[in-house]
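Single-structure report; data block below.
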Amino acid sequence: MRAYFRNIYAAVSTILIGMRITFKEMFHPSVTNQYPYQYYFEKRKNVRGIHKGFRGQLYIRMEDCIGCKKCAMICPVDCIYIETSRLEKGITLSDTRAVVRLKDQTVWIGELLEGDEKIEPGTVVKLRDLDGNLHESPSEHVEHVVTSKKRRLKLDRFDIDMSLCMFCGLCTEVCSTSCLYMTQTHEFSTYDRASLLFHFADPSIYEGLTPDETETKAEDGADASEGRKQKAARRRQREETA
Ligand code: SF4
Ligand code: SF4
């Protein structure tokens, strides 16, 4: 019998507590935003922006991609399609740009003047960006440094099917040059699934590139000396085991 009345008391008191909160909130201004009308058309100031770490549509800086395919390999749903080919002998592409990402998600892209991928505590990371501005930060504030890498492959295809992507961000984490990243774009819905297959490969990057004679000779020389070194090492190994 006691339990019966205790349950009635608990039910009534919790309803009253809930009603008290509801009644109090009735006199507060509304915090609900009518998206997208208030966001775009009324431009209401109290509408929250998109936070910095938001995982939106994927984008890639093609001129910094080295075609390593790490992103495609790690993608859990296999929605990144990459095809590469070798460049004509002697053709060299510009190296990729360095990237520094701070813990507050600020990103600098350009030429690394000080610092390394192994972020040593107590040091300074310094970078000159594409507009010539100098940025520096104590290593304690730096989350990630990616140094410049050689580009040796031509990207014939780089497609991402955003209709399959589950926005896990793994591809951006493993990217060798940090050229693949998630933007804040979140409004790209469409009535046609096929239009969610984004093509990023850009043949114009490779236009007008001609083999550099000195480069070709240098490469040939490097190949030959490398081959000679390997042969000598193999011979030494055979002699040691004999
Ligand atoms: S974010 Fe999308 S494309 Fe990248 S690994 Fe995850 S599912 Fe694949
Ligand atoms: S991991 Fe980065 S550099 Fe490698 S292929 Fe993918 S986007 Fe290009």
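Both counts, for ligands and for their atoms, begin at 1 and track the order of listing. On a predicted model such as this, the values are computed, not experimentally measured, just so you know. Atom set for the values below is all heavy atoms of this structure, side chains included, hydrogens, waters and symmetry mates excluded.
- Under a hydrophobic clustering in which Ile, Leu, Val, Met, Phe, Trp and Tyr are joined whenever their side-chain heavy atoms come within less than 4.5 Å, directly or via other members, Tyr59 and Leu155 fall into the same cluster.
- One finds no salt bridge joining Arg151 and Glu63 here, because no Lys/Arg side-chain nitrogen approaches an Asp/Glu carboxylate oxygen to under 4.0 Å.
- Contact atoms of ligand 1 toward Gly169: 1 (S), 6 (Fe) (distance under 4.0 Å to a heavy atom of the residue).
- Remark: ligand 1 atoms within the under-4.0 Å shell around heavy atoms of Val77 are 7 (S).
- Contact atoms of ligand 2 toward Thr177: 3 (S) (distance under 4.0 Å to a heavy atom of the residue).
- The shortest heavy-atom distance from Ile74 to ligand 1 is not under 4.0 Å.
- Looking from atom 6 (Fe) of ligand 1 to the surrounding protein, the closest heavy atom is Cys168 SG, 2.2 Å.
- Note on Arg101 versus Glu143: salt bridge recorded, some NZ/NE/NH1/NH2 to OD/OE distance being below 4.0 Å.
- For a distance threshold of 2.8 Å, the protein N, O or S atoms nearer than that to atom 6 (Fe) of ligand 2, listed by chain and number, are Cys71 SG.
- Protein heavy atom closest to atom 2 (Fe) of ligand 1, with residue, atom name and distance, is Cys165 SG, 2.3 Å.
- Taken from OG in Ser176 to CG in Asp64, the straight-line distance is 11.5 Å, to the nearest 0.5 Å.
- Residue Cys79 has at least one heavy-atom neighbour below 4.0 Å for each of these atoms of ligand 1: 3 (S), 8 (Fe).
- Surrounding CD of Glu88 are at most 12 heavy atoms belonging to other residues, nucleotides or ligands under 6.0 Å away.
- By the neighbour-count criterion of 12 heavy atoms within 6.0 Å, atom NE2 of His141 is sparsely surrounded, having that number or fewer from other residues, nucleotides or ligands.
- When all heavy atoms are compared, the tightest approach of Leu209 to Ile91 is O-CD1, 3.5 Å.
- Counting heavy atoms closer than 4.0 Å to ligand 1, residue Leu164 contributes nothing at all.
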Derivation and outcome, side chain to side chain contact (heavy atoms under 4.5 Å, CB included), residues Val77 and Cys165: CA-CA 7 Å; Val77 292; Cys165 176; 5.6 Å; no
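- Relative ring orientation between Phe167 and Phe188 is described as tilted, the plane-to-plane angle lying within the 30° to 60° band.
- The protein heavy atom nearest to atom 8 (Fe) of ligand 1 is Cys75 SG, 2.3 Å.
- In this structure, the protein non-hydrogen atom closest to atom 7 (S) of ligand 1 is Met166 N, 3.3 Å.
- Results of the side-chain contact (heavy atoms from CB on, under 4.5 Å) test with Leu127 over Val100, Val145, Val99 single out Val100 as the only residue that passes.
- A side-chain donor-acceptor contact under 3.5 Å links Thr147 and Glu117.
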